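Quantities reported herein were computed from a predicted structural model and do not represent experimental measurements.
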Amino acid sequence: QFVESDDDEELLFNIPFTGTVKLKGVIVMGEEDETHPAEMRLFRNIPHMSFDDTAREPEQTFSLTQDPTGELEYPTKIARFSNVYHLSIHFPRNFGAETTKIFYIGLKGEWAEAHRHEVTICNYEASANPADHKLEQITPQTHFIS
């Protein structure tokens, strides 16, 4: 089984994580022919990335070697990929074929649980409203001067 590009040689994978990942390496397997990707560009933390977004500068770019067995691991710059919750992998070109085929993408790294907090809605009083703070234990006293 493999993934093959449609009309041209470009492929884009969006990979959301359930936590945060420290990405240390990537493995890419393709066929030993012209359909194997020749370049890989990594983008971090851009959810719902599209081909229009690939014009921006990637976090890291790799020139790939044909690897049908998955023995080559491409190490990432760990400082740039230490807090990843969404990874986009763009393959802009291959070794000359009209379409690109990928059989396997392996990711090496460390996963940690995400610390995402929900939005808290708070209401603050600019000044206290005495009607909101009635106390039963205090009885009002009146002082008349005659």
Side-chain angles (χ1 to χ4, degrees), residues 1-140:
Q1 294 182 353
F2 56 87
V3 173
E4 185 173 10
S5 59
D6 290 338
D7 297 331
D8 57 4
E9 56 192 2
E10 282 190 275
L11 270 175
L12 178 64
F13 292 91
N14 283 304
I15 305 167
F17 297 115
T18 57
T20 58
V21 173
K22 181 188 289 187
L23 185 64
K24 297 181 178 182
V26 180
I27 298 170
V28 178
M29 283 176 50
E31 285 195 298
E32 197 168 8
D33 62 6
E34 295 177 344
T35 63
H36 193 288
E39 185 180 346
M40 175 175 62
R41 304 170 73 220
L42 300 180
F43 299 88
R44 68 175 171 88
N45 300 339
I46 308 173
H48 312 293
M49 186 170 179
S50 67
F51 284 105
D52 295 333
D53 299 323
T54 60
R56 65 175 28 178
E57 186 69 27
E59 299 297 323
Q60 192 168 0
T61 302
F62 298 94
S63 294
L64 303 181
T65 304
Q66 291 182 0
D67 183 20
T69 59
E71 295 176 359
L72 296 175
E73 181 181 321
Y74 299 96
T76 62
K77 297 176 183 173
I78 297 175
R80 290 189 180 187
F81 294 96
S82 62
N83 191 20
V84 180
Y85 59 86
H86 189 277
L87 180 68
S88 298
I89 306 174
H90 179 227
F91 298 97
R93 59 185 182 86
N94 58 24
F95 287 97
E98 290 190 22
T99 60
T100 300
K101 287 184 185 178
I102 295 179
F103 287 85
Y104 175 82
I105 297 175
L107 303 174
K108 180 181 175 184
E110 298 173 10
W111 180 86
E113 186 175 349
H115 298 290
R116 297 186 182 142
H117 300 285
E118 297 293 324
V119 175
T120 303
I121 299 174
C122 298
N123 292 321
Y124 296 98
E125 295 179 353
S127 62
N129 183 357
D132 291 340
H133 305 284
K134 291 186 178 182
L135 298 175
E136 299 295 327
Q137 62 206 24
I138 298 176
T139 55

Euclidean distance, Thr76 OG1 relative to Leu23 CG, rounded to 0.5 Å = 4.5 Å

Looking at Lys101 and Glu31, does any basic side-chain N land under 4.0 Å from a carboxylate oxygen?
-> yes

side-chain contact (heavy atoms from CB on, under 4.5 Å) assessment of Met49 paired with Thr54 = CA-CA 8 Å; Met49 186 170 179; Thr54 60; 3.9 Å; yes

May I ask you to check whether Tyr85 and Phe17 place their ring centers less than 6.0 Å from one another?
-> no

Please work out whether the ring planes of Phe51 and His90 are parallel, tilted or perpendicular, with thresholds of 30° and 60°.
-> perpendicular

Aromatic ring pairing Phe13/Phe91, orientation class (parallel under 30°, perpendicular over 60°, tilted between) = perpendicular

Close side-chain approach of Leu11 and Ile102, heavy atoms under 4.5 Å | yes

Nearest 0.5 Å please: distance from the CD atom of Glu110 over to the CD1 atom of Ile78.
-> 8.0 Å

Any side-chain heavy atom of Asn14 within less than 4.5 Å of one from Ser88?
-> yes

Apply side-chain contact (heavy atoms from CB on, under 4.5 Å) to the pair Met40 and Val26, showing each step before the final yes or no.
-> CA-CA 10 Å; Met40 175 175 62; Val26 180; 3.8 Å; yes

Where do Pro92 and Glu10 come nearest, in terms of heavy atoms and distance?
-> O-CG, 3.5 Å

Please walk me through it: do Glu9 and Glu98 pass side-chain contact (heavy atoms from CB on, under 4.5 Å)?
-> CA-CA 6 Å; Glu9 56 192 2; Glu98 290 190 22; over 6 Å; no

Separation of Leu87 CG from Glu59 CD (nearest 0.5 Å) | 10.0 Å

Given the rule in the side-chain contact (heavy atoms from CB on, under 4.5 Å) test, do Leu12 and Ile89 qualify, once you have shown the distances and angles that lead to the verdict?
-> CA-CA 6 Å; Leu12 178 64; Ile89 306 174; over 6 Å; no

With a 3.5 Å cut-off and no angle check, do the side chains of Asp67 and Thr65 form a donor-acceptor pair?
-> no

Roughly how far, to the nearest 0.5 Å, is CD1 of Ile27 from CG of Leu107?
-> 9.0 Å

Say whether Glu4 and Thr99, considering side chains only, have a donor N or O and an acceptor N or O under 3.5 Å apart.
-> yes

Compare all side-chain heavy atoms of Phe62 with those of Val28 and state whether any distance is below 4.5 angstrom.
-> no

Under 3.5 Å: donor-acceptor pair, side chain of Arg44, backbone of Arg80 = yes

Distance-only, no hydrogens or angles: does the Asp33 side chain make a donor-acceptor pair with backbone N or O of Phe95 under 3.5 Å?
-> no

Answer with yes or no whether the side chains of Thr35 and Asn94 bring together a donor and an acceptor at under 3.5 Å.
-> no

Within a strict 4.5 Å, meaning less than it, do heavy atoms of the Leu64 and Tyr74 side chains meet?
-> yes

Shortest non-hydrogen contact from Pro58 toward Arg41 = CD-NH2, 3.1 Å

Taking atom CZ of Phe81 and atom CD of Gln60, what is their separation to the nearest 0.5 Å?
-> 5.5 Å

Looking at OH of Tyr104 and CD of Gln1, how far apart are the two atoms once the value is rounded to the nearest 0.5 Å?
-> 14.5 Å

